[in-house]
2 protein chains.
Amino acid sequence: MSDNTMVHKRTGTKEKILKVSKALFSEYGYKGTSVRKIASNVGIRESAIYNHYMNKEEIFLEVAKDMFSSPFSFNDGEIRESAMKGKAFLHKFAMQYKLLTFDKYNESMFRILLIELLQNKDIREQFMNEFHNKNIKVLSEGFFIMMQNTLIRSSDPMIMSYEFLSTLFYIRLQITLMRYDSISTTSLSTQFEKHVDFFWESIKS
Amino acid sequence: MSDNTMVHKRTGTKEKILKVSKALFSEYGYKGTSVRKIASNVGIRESAIYNHYMNKEEIFLEVAKDMFSSPFSFNDGEIRESAMKGKAFLHKFAMQYKLLTFDKYNESMFRILLIELLQNKDIREQFMNEFHNKNIKVLSEGFFIMMQNTLIRSSDPMIMSYEFLSTLFYIRLQITLMRYDSISTTSLSTQFEKHVDFFWESIKS
DNA sequence: ATTATATATGAACACTTGTTAATTTAAACT
DNA sequence: AGTTTAAATTAACAAGTGTTCATATATAAT
């Protein structure tokens, strides 16, 4: 009963470390957050951290996992149903993306994760699998269904998804950067909607 | 004859520092490149660096400036002429972008600059002005001319440019990441062309 | 030759970093 | 109660950081 999976359940320190780390990493980034600072915010010494995690990176990777694994809320059946509505499907997808973009925690974490994305292979893999591929898959399914029902022109669903997703990403990046500098994003706030409008005009049959 | 602009011309050390820094920053990044390492590669002590640059950041900013200021080679007259050809204009633009993406130095530097983009306000401004705005401007002019000549459907040229540029950026990001991990990019190598094809189908009248 | 200036040096400052080792405290199981 | 094990502590390591300061050298202009 006390094997590898179910030990360490006496103090709840591990959970506290994760919670504190989330807050600190999202605010100060990976390099800006020291093990000492995590420890002191938890209320223990830095050496005690190593009773729960192998090293700093392991903590960060677990924080990142939580971030990427918050997926877009589309159940399997829901995709088909939603895709039949055509433009509304794209709109819903974009609005979910917009929500993430303007959410306080996701906003900071997006910036931090991008930094690490460019330096940490594990983060890159998480990004590719959990973000890129997963989204391309959902979108492709949607577009495929739309094509079947001749709501949109016939084309490669993967390419179409790529085109749709890439612009969402770029908008998010730009908004994130501007908000980080406290620059007003009112001029960009409707960019998501404009993207959907433009894109729909581009593909509708 | 010896005012602020034309002093410091005895040893050429400043130029050497810049050259060495370019190589080091592009390989090891900002934080991975210490002032001591730059100095030793130049062949001087770290303290001598400060006779030429105020601090480490000033060196990096100058390296970055060089990077961003390598603009797309479109002269004013050339845009009009090229835009009249419609799709070929987009193709040329995308191919220039592709060239940059697969150029050894630009490839490393793109990654490094993205990292700093997310942390350094000056880099962000350089990116917005020299990269984003400049490209949106060139593209907008092109699209505007195409619309005048009814080569493409009528729409907001700025939005259209945004849509076109954002995908190029995303492709570049993805290729950069994959090549950094030595993952084969053959599946993505024609993505630029596919983008142009898809986009042209989306806007042609 | 003397002065002025640019450029270099060596040494130090003041501080932070992730991680480990030996040891003690505290809780749970027998 | 005693034993086992988890979890915490104190202390140190070994290294690297950007930057500054007083000083020395070399070059160009006077």
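Every chain is numbered from 1 and lettered A, B, ... according to where its sequence line falls, protein lines coming before strand lines.
Checking D/dA8, C/dT19, C/dT9 against every side-chain atom of A/Y50, the shortest atom distance belongs to C/dT19.
Summarising the geometry, the separation between CD1 on B/I17 and C1' on C/dT7 is reported as 10 Å, rounded to the nearest angstrom. Going from atom CD1 of A/I38 over to atom C1' of C/dT17 covers 13 Å, rounded to whole Å. Across the protein-nucleic acid pair, A/K31 atom NZ and C/dG18 atom P stand 11 Å apart, rounded to whole Å.
Judged by distance alone, with hydrogens and angles left aside, the side-chain atoms of B/E78 form a donor-acceptor pair with the main-chain N or O of B/N75 at under 3.5 Å. A/R124 contributes no side-chain N or O that, together with a main-chain N or O of B/M178, makes up a donor-acceptor pair within less than 3.5 Å.
In this structure, A/H52 does not reach the D/dA6 phosphate: none of its side-chain N or O atoms is under 4.0 Å from OP1 or OP2. When the side-chain nitrogen and oxygen atoms of A/R45 are compared with OP1 and OP2 of D/dA8, none of them lie within a distance under 4.0 Å.
Ring-plane geometry between A/F143 and A/F164 is classed as perpendicular, the angle between the planes exceeding 60 degrees on a 0 to 90 degree scale with a lower cut at 30. In this structure, A/F93 and A/F89 have tilted ring planes: the angle between them lies in the 30° to 60° band.
A salt bridge between B/E62 and B/K14 is absent, with no side-chain N of the basic residue lying under 4.0 Å from a carboxylate O of the acidic one.
Every residue two or more places apart in sequence or in another chain was checked for a side-chain contact (heavy atoms from CB on, under 4.5 Å) with B/K19, and none qualifies. B/E107 meets the side-chain contact (heavy atoms from CB on, under 4.5 Å) test with B/K104, B/R179; sequence neighbours excluded. Every residue meeting the side-chain contact (heavy atoms from CB on, under 4.5 Å) condition with A/R80, not counting sequence neighbours, appears here in chain and number order: A/I145, A/Q148.
Here B/I203 contributes atom CD1 and B/M160 contributes atom CE; the two are 5.0 Å apart, rounded to the nearest 0.5 Å.
Ring centers of B/Y170 and A/Y162: under 6.0 Å apart, within the cut-off.
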Each nucleotide N or O in nucleotides 11-14 of chain D that has a protein N or O under 3.5 Å away: list the pair and distance.
residue, atom, partner, partner atom, Å
D/dA12, N6, A/R36, NH2, 3.3

Please produce a list of atom pairs where a protein N or O lies less than 3.5 Å from an N or O of nucleotides 23-25 of chain C.
none

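Cation-pi check for A/R172 over A/F110 is met; the charged atom lies under 6.0 angstrom from the ring centroid and within 45 degrees of its normal.
Between the base of C/dA6 and the side chain of B/N51 there is no donor-acceptor pair shorter than 3.5 Å.
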Problem set entry | Which nucleotides of DNA chain C pair, in dot-bracket form (Watson-Crick or G-U under 3.5 Å, | meaning another strand) | |||||||||||||||||||||||.||||.|

